[in-house]
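Notes for the one structure printed next.
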Amino acid sequence: MRIFETRRSICILLCAIVDNMMSGILEKFQSPGKGNGVRALKDMSHGLTVMIAEPYVYTVCRIKTACDHCLHRKEKLLRCSQCKVARYCNSHCQRKAWQGHKRECKCLRSTLPNVPPNSVRLVGKIIFKMLQKPDTASEELYTISDLQSHIKEASEEVKDGLRHLATALQHYLKEEIQEISQLPPGFQVLEYFGKVSAKVTCNSFTISDGEMQDVGVGLYPSMSLLNHSCDPNCVIVFEGTCLLLRTVKEIPKGEELTISYIDVKMPTQGRRDQLQRQYCFLCDCQRCLLRDKDEDMLAGDAEASREVESSVSRLEELLSQNTEEALNLCKTLMNRYYLPDKNIYQLKILDCAMDASIDLGLWEEALHFGLRTLEPYSLYYSNYHPVRAVQLMKVGKLQNYQGLFAEAMKTLKQAFDIMKVTHGRDHGQTQQLAELMNDCEANMRGM
């Protein structure tokens with residue numbers, strides 16, 4: 001898309017500007033007990049963009065209908081005539097992507113009718129990139145070779161999975177890399193593939209669109225310096241493939257910049273287990289030590305909570321296959337198990353019910369379910385969080401559509417107050433929200 005190319009050019013320009021600024025406001029340092037980290041060299045207010053990066057490599061999520069080049073979601077996409085796997089908005093996106101796709105295209109053709117998982121495609125792109133061009137602007141603070149794999153600390157289950165991934169990767173790349181001599185020197189094939197795969201598992205970022213829907217996976221080496229906190233002072237948002245690191249708290253000079261690696265809307269043990277499994281560390285942040293909000297997240301009858309939890313995966317599967325059946329299951333679960341809306345599994349049911357109702361054009365039901373999510377979202381995504389901003393925007397849009405203009409304006413203003421901090425006023429999603437507020441205001445004047 002032409003808009004994507006314009007925004008990409010702006011992002012590259014901003015990367016250069018922010019890189020020049022970073023020398024004065026951020027520095028790489030050894031964070032006690034965590035290894036590498038990034039800290040502030042001066043006091044920072046909330047709502048600042050402190051780092052911008054283009055990916056070293058990225059790939060689209062295969063389950064999404066998104067363009068392989070710009071990651072724009074679209075119902076009808078053009079397929080690559082050769083591999084039949086890569087999909088594009090139009091011929092412009094396809095031409096722009098060809099230089100990076102042509103070697104991958106040959107590998108994809110060799111695996112048909114099977115399609116490799118996202119991780120295999122991503123690691124394949126990394127290897128092709130390393131062979132042709134080892135350095136990029138995205139590696140200003142950290143290089144691909146600096147990335148930690150944590151392979152020694154990984155469980156046997158994870159190591160076994162990495163071995164399978166390395167074998168699949170070797171099979172996938174055989175059309176393009178037949179001999180060890182074609183790889184960077186000093187590595188055995190499976191050892192090399194395994195190490196790169198482990199680095200990707202620990203350091204890749206899920207790329208989301210303006211509505212916080214996953215559309216791709218990318219590797220941003222410098223951003224891998226950022227350590228985790230369940231109560232972070234920064235968030236990451238995307239504009240296309242461009243990653244923006246935004247401050248959401250006041251950060252005094254000398255304080256470390258942190259992000260959350262995972263969705264914080266889960267109990268302490270769940271967060272710790274996921275972080276240990278995927279990133280090989282035990283989180284000891286204040287939220288985890290205090291088990292903050294655990295009682296709220298699991299509020300209500302314990303047995304009912306477990307029953308609803310066990311139905312979530314089935315519900316998510318249904319939502320992508322049969323929306324009407326998914327909505328009926330949501331209603332059945334809510335009527336059978338009386339859980340408070342702040343219970344995280346009940347909240348998941350409400351989210352699914354709202355999405356299903358929107359897909360079916362049941363606007364009143366969608367708004368009913370959406371309104372019930374707002375209080376729990378404010379509890380779990382407190383202060384400034386992009387997920388809460390997007391949820392408020394969705395509900396405000398439903399209110400506006402149904403002629404509830406005063407209520408819509410109130411909800412949309414709440415979304416805007418958060419989004420101008422989490423995304424910035426110039427972000428495409430913030431501009432869409434501003435347009436929606438103008439539309440709502442015009443509707444109010446016309447009453």
Side-chain angles (χ1 to χ4, degrees), residues 1-8 10-11 14 46-49 65-67 70-76 89-90 208-213 215 235 237-240 242 244 246 248 323 327 350-351 353-378 381-447:
M1 297 178 69
R2 300 286 180 182
I3 293 175
F4 169 76
E5 293 305 325
T6 302
R7 287 181 175 168
R8 188 183 182 92
I10 293 171
C11 181
L14 286 172
H46 67 271
L48 295 179
T49 298
T65 52
C67 173
C70 70
L71 300 185
H72 178 73
R73 281 194 296 165
K74 194 175 178 181
E75 286 302 317
K76 293 184 179 180
C89 291
N90 47 42
S208 57
D209 64 9
E211 296 181 353
M212 302 305 291
Q213 297 295 309
V215 290
V235 295
V237 294
F238 292 88
E239 182 84 90
C242 185
L244 291 81
R246 303 271 303 173
V248 291
T323 309
L327 180 57
L350 288 169
D351 272 328
M354 179 174 69
D355 291 340
S357 298
I358 291 172
D359 287 346
L360 294 168
L362 303 172
W363 310 119
E364 288 187 12
E365 289 195 35
L367 178 56
H368 168 71
F369 294 127
L371 286 169
R372 289 174 62 181
T373 69
L374 294 186
E375 189 173 338
Y377 266 67
S378 69
Y381 298 113
S382 54
N383 299 318
Y384 298 104
H385 199 290
V387 170
R388 185 180 171 212
V390 169
Q391 189 76 353
L392 283 162
M393 184 176 173
K394 286 170 70 174
V395 172
K397 191 182 295 186
L398 287 167
Q399 290 170 321
N400 185 51
Y401 186 79
Q402 292 177 61
L404 303 171
F405 303 129
E407 294 91 333
M409 183 57 75
K410 182 179 178 181
T411 305
L412 294 172
K413 281 183 176 177
Q414 288 182 64
F416 188 79
D417 286 342
I418 298 170
M419 202 173 285
K420 67 186 180 184
V421 173
T422 58
H423 292 67
R425 292 177 182 271
D426 296 330
H427 192 281
Q429 190 70 13
T430 313
Q431 292 176 357
Q432 282 185 34
L433 175 56
E435 289 173 9
L436 184 58
M437 291 171 68
N438 289 336
D439 179 59
C440 184
E441 193 171 17
N443 288 332
M444 291 175 70
R445 287 197 302 267
M447 288 178 65

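The structure presented is a predicted model; accordingly, all values stated were derived computationally and were not measured.
Residues Lys397 and Leu412 share a closest heavy-atom pair of N-CD2, 4.1 Å. Cys440 and Met409 make their closest contact through SG-N, 3.7 Å (heavy atoms, listed as atom of the first residue, atom of the second, distance). Nearest heavy-atom pair across Ser357 and Glu365 is OG-CB, 3.8 Å. Closest approach of Asp417 to Tyr384, counting heavy atoms only: O-CE2, 3.7 Å. Heavy atoms only, all atoms of each residue included: Val248 and His46 are closest at C-CB, 3.7 Å. Between Ser208 and Val215, the closest heavy-atom pair is C-CG2, 4.1 Å.
Arg73 contributes no side-chain N or O that, together with a main-chain N or O of Ala66, makes up a donor-acceptor pair within less than 3.5 Å. A distance-only check finds no donor-acceptor pair linking the side chain of Thr65 to the backbone of Glu75 [under 3.5 Å]. A donor-acceptor contact shorter than 3.5 Å is absent between the side chain of Arg388 and the backbone of Ser382. Of the possible donor and acceptor atoms, one in the side chain of Gln402 sits under 3.5 Å from a partner among the backbone N and O of Trp363. Remark: side-chain polar atoms of Asn400 are not paired, donor with acceptor, to backbone N or O of Gly396 under 3.5 angstrom. In this structure a side-chain-to-backbone donor-acceptor pair under 3.5 Å is present from Glu239 to Gly428.
When side chains are defined from C-beta on, Phe416 counts as touching Thr430, because their heavy atoms get closer than 4.5 Å. Using a 4.5 Å heavy-atom cutoff, the side chains of Leu327 and Phe369 are in contact. Put simply, the side chain of Gln391 reaches to within 4.5 Å of the side chain of Leu374, judged on heavy atoms. A heavy-atom distance below 4.5 Å is not found between the side chains of Lys74 and Cys67.
Aromatic ring pairs are classed by plane angle as parallel below 30°, tilted from 30° to 60° and perpendicular above 60°; the pair His423 and His427 is perpendicular.
Remark: Gln399 CD to Leu392 CG distance equals 9.5 Å, nearest 0.5 Å. Atoms CG and CG, from Leu371 and Leu350 in turn, are 11.0 Å apart once rounded to the nearest 0.5 Å. In this structure, the separation between CG on Asn90 and NZ on Lys76 is 15.0 Å, given to the nearest 0.5 Å. Taken to the nearest 0.5 Å, the OG1 atom of Thr422 stands 9.5 Å off from the CD atom of Gln429. For the atom pair CZ of Phe238 and CE of Met212, the computed distance is 8.5 Å after rounding to the nearest 0.5 Å. Note that the OG1 atom of Thr411 and the CE atom of Met437 stand 10.5 Å from one another [nearest 0.5 Å].
For the side chain to side chain donor-acceptor pair (under 3.5 Å) with Lys394, the lone residue among Asp351, Thr373, Asp355 that qualifies is Asp355.
More than 12 non-hydrogen atoms from other residues, nucleotides or ligands lie less than 6.0 angstrom from CG of Asp359. Within 6.0 Å of NZ on Lys420 lie more than 12 heavy atoms contributed by other residues, nucleotides or ligands.
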